[in-house]
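Heads up: the structure comes next, in structure tokens.
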Amino acid sequence: MVAGHLQEKKGYFYMVLTYKDHEGKRKSKWISTKLPVKGNKKRAQEMLRETRKTFEPDIPVSMEDMLFDEFLGHWLEIAKNTIQLTTYASYASMCKSPIVPYFKDKKIKLVDLKPKDIQDFYTLQLKRVKASTVIHYHTIIHRSLKYAMKIDVIPVNPASKIERPRQERFIGSFYDKNEVNQLFEVARGTKLEIPILLGAFYGLRRSEAVGLKWSAIDFNNNTLIVRHTVTSFSIDGKEMIYASDSTKNKSSMRTLPLVPAFKEKLLAAKAQQESNRKLCGRSYSKEFLDYICVNELGVRIRPNYVTTAFPKLLEEHGLRKIRFHDLRHSCASLLLANNVPMKQIQDWLGHSDFATTANIYAHLDFNSKLVSAQAMVDGLNFVIEPKLEIQKDEFAVIPDRSGGENKPNTSAHT
């Protein structure tokens, strides 16, 4: 029987479990819920109940005889307390299918696992999923085997000898200026209006838009700070919402200017929330008072609501289908079209390094190529007449709706 209670530590709830080990000795274990104390007691209590049901005390096992699929489960429980809950949920999902079932069928011991065994798994998976997904599988397998090396169960990491699949180049869909303005128009007055404005104008991720708080808005100095996130994930088939006072990485925590039009929109939203609170009285939720994206009863909008409601909005109004995250790409494409340097776009979007921005959006940066081409024309003496000149308006960027790279408009030349 596993007993347990909640304990507050540094502003967060911890689950303290007490149990008897295999020798009958009383032991306790602290497990972080990663939930802030304020407003999360019920959720923490529910996590404690579920954890008590599923918790299995540490029992010494012989790694020499452990199958690789069993070891993955063992490692996953250890990793759970060292990584973010959202990352753990992703790892657990991929282990559940397809990694563990595949190796369970092969019945390969951890100590006998060879690079070819892993390579065969990757080769099989590439027939059904993209290379980027297989790279995620590789991250899990490599990291688990790195731990096996650390505890001296295996001498080398067989995953280190694998040829990883080559990451395919990502080219996101995006809206042009007219489509974005049309989207703003159809979203007006809906629960998606502010998330869409945040996604398309400021390039916020879904988690950043839903997680934006009033405390992050400075109406006096006209700034907006991206420093809160709300994410959703599934563990054992159960959807969970995780609110964090941190962003994806340090660079994602950024301060952006609050433009007059959006300032007015936020002030109107704030006034509407105050009106709804008075109108609904006790029925109005007190849990999410600091959040901007809430419904009429003050309940914070769920991340999955944004994901499912967004395509419905597009379909209802006959707009081209894109993902909500593609509003972030639309933001970047519009910045590039207006000659904003790639480094500034990196800062605006909150990418951790310049390479990330360049790799995703370099194919859109046609203006810089025009400058290079004109420099070559000016620097060389062509003997052909008339003199070759490049007109910028003749090379306006035309969005390639098929998902390929944007191509210049050469229709003016014959």
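Fair warning: this is a prediction, and the values are worked out from it, not measured in the lab.
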Handout entry: Close side-chain approach of Tyr175 to Gln182, heavy-atom, < 4.5 Å
Key = no
Problem - Sub-4.5 Å side-chain heavy-atom contact between Tyr284 and Lys278 - result: no
Taking distance alone, no hydrogens or angles, what donor-acceptor pairs closer than 3.5 Å link side-chain atoms of residues 227-235 to residues at least two apart or in another chain?
unit_1	atom_1	unit_2	atom_2	d
Arg227	NH2	Ser215	O	2.9
His228	ND1	Asp245	OD1	3.0
Thr229	OG1	Ser246	O	2.9
Thr231	OG1	Tyr242	O	3.4
Ser232	OG	Asn304	OD1	3.0

Fill in the blank from the handout: When every non-hydrogen atom of Ile322 is compared with those of Phe310, the smallest separation belongs to O-CE2, 3.5 Å
Completion exercise
d(Lys265 NZ, Ile292 CD1) to nearest 0.5 Å is 13.5 Å
Exercise for the section: Please confirm whether the backbone N or O of Pro311 pairs with a side-chain atom of Arg323, one donor and one acceptor, at under 3.5 Å? Expected result: no
Practice task
For Asp176 and Asn178, indicate whether the former's side chain and the latter's backbone hold a donor-acceptor pair under 3.5 Å.
Solution key: yes
Exercise for the section: Answer yes or no: is there an ion pair linking Lys312 with Glu315, defined by an N-O contact shorter than 4.0 Å? Expected result: no
Problem - Glu287 with Arg43: basic N within carboxylate O range, under 4.0 Å - result: no
Handout entry: Enclosure of Arg128 CZ (heavy-atom neighbours >12, cutoff 6.0 Å)
Key = yes
Exercise for the section: For the residue pair Asn222 and Lys263, confirm or rule out a side-chain donor-acceptor distance under 3.5 Å. Expected result: yes
Practice task
Using the side chain to side chain contact (heavy atoms under 4.5 Å, CB included) rule, pick out the option among Val306, Ile194, Val294 that qualifies with Ile301.
Solution key: Val306
Handout entry: Separation between CZ of Arg52 and NE2 of His5, rounded to the nearest 0.5 Å
Key = 11.5 Å
Exercise for the section: Identify, with sequence neighbours excluded, every residue that meets side-chain contact (heavy atoms from CB on, under 4.5 Å) alongside Leu6. Expected result: Phe13, Met15, Ala44, Gln45, Leu48
Fill in the blank from the handout: Scanning both residues in full, the closest heavy-atom pair of Pro158 with Leu145 reads CG-CD1, 3.7 Å
Handout entry: Residues in side-chain contact (heavy atoms from CB on, under 4.5 Å) contact with Gln346, at least two apart in sequence or another chain
Key = Lys343, His351, Phe354, Thr357
Handout entry: Within 45° cone of Phe68 ring axis and under 6.0 Å: Lys106 NZ or CZ
Key = no
Exercise for the section: Please assess Tyr19 against Phe55 for the test ring-ring contact (aromatic ring centres under 6.0 Å, His included), listing each intermediate value before the final yes or no. Expected result: CA-CA 10 Å; Tyr19 60 94; Phe55 179 76; 5.2 Å; yes
Problem - Pairwise side-chain contact, Leu224 with Leu198, heavy-atom cut-off 4.5 Å (strictly under) - result: yes
Fill in the blank from the handout: Rounding to 0.5 Å, atoms NZ (Lys213) and CD1 (Ile225) come to a distance of 13.0 Å
Exercise for the section: Keeping the roles fixed (side chain from Ser90, backbone from Thr86), state whether a donor-acceptor pair exists under 3.5 Å. Expected result: no
Handout entry: Between Gln272 and Asn276: side-chain donor-acceptor atoms closer than 3.5 Å
Key = yes
Problem - Aromatic ring pairing Trp348/Phe201, orientation class (parallel under 30°, perpendicular over 60°, tilted between) - result: perpendicular
Practice task
Could you walk me through whether Glu274 and Arg277 pass salt bridge (charged side-chain N to carboxylate O under 4.0 Å, His left out), step by step?
Solution key: CA-CA 5 Å; Glu274 292 172 354; Arg277 185 177 179 183; over 6 Å; no
Exercise for the section: Ignoring hydrogens and angles, tell me if any N or O in the side chain of Arg328 forms a donor-acceptor pair with the backbone of Leu349 under 3.5 Å. Expected result: yes
Exercise for the section: Say whether, by atom type as modelled, one donor and one acceptor occur between the side chain of Thr82 and the main chain of Ala79 under 3.5 angstrom. Expected result: yes
Problem - Nearest-0.5 Å distance that lies between atom CG in Leu204 and atom CG in Leu327 - result: 11.0 Å
Handout entry: Short side-chain to backbone donor-acceptor contact, Glu193 and Gly189, under 3.5 Å
Key = yes
Exercise for the section: Kindly compute the distance separating SG (Cys331) from CG (Asp326), expressed to the nearest 0.5 Å. Expected result: 12.5 Å
Exercise for the section: Report yes or no: do Ser252 and Arg205 form a side-chain donor-acceptor pair below 3.5 Å? Expected result: yes
Exercise for the section: Under the side chain to side chain contact (heavy atoms under 4.5 Å, CB included) rule, what do Leu197 and Phe184 come out as? Steps first, then yes or no, please. Expected result: CA-CA 7 Å; Leu197 288 170; Phe184 286 167; 3.6 Å; yes
Problem - Close side-chain approach of Glu163 and Gln119, heavy atoms under 4.5 Å - result: yes
Exercise for the section: Output every pair passing salt bridge (charged side-chain N to carboxylate O under 4.0 Å, His left out) with a member in residues 290-306, not counting sequence neighbours, ordered by first then second residue. Expected result: Glu239-Arg302
Exercise for the section: For Lys286, check salt bridge (charged side-chain N to carboxylate O under 4.0 Å, His left out) against everything at least two apart and list the hits. Expected result: none
What pairs of donor and acceptor atoms, side-chain ones from residues 97-104 against any protein atom, are under 3.5 angstrom apart with sequence neighbours left out?
none

Problem - Check: Gln344 side chain, Pro341 main-chain N or O, donor-acceptor pair, under 3.5 Å - result: no
Handout entry: Gap separating the NZ atom of Lys161 from the CD1 atom of Ile118, nearest 0.5 angstrom
Key = 10.5 Å
Problem - Nearest heavy atoms of Ala131 and Leu126, plus distance in Å - result: CA-CD2, 3.8 Å
Exercise for the section: Spell out, as yes or no, whether a donor-acceptor pair under 3.5 Å connects the side chain of Asn81 to the backbone of Ile31. Expected result: no
Exercise for the section: Indicate yes or no for a side-chain donor-acceptor contact from Tyr202 to the backbone of Pro257 under 3.5 Å, with no hydrogens or angles considered. Expected result: yes
Practice task
Please answer whether the main-chain N or O of Lys38 pairs with a side-chain N or O of Asn40 as donor and acceptor at a distance below 3.5 Å.
Solution key: yes
Exercise for the section: Might you point out which heavy atoms bring Phe71 and Tyr147 nearest each other, and give the distance in Å? Expected result: CZ-CD2, 3.9 Å
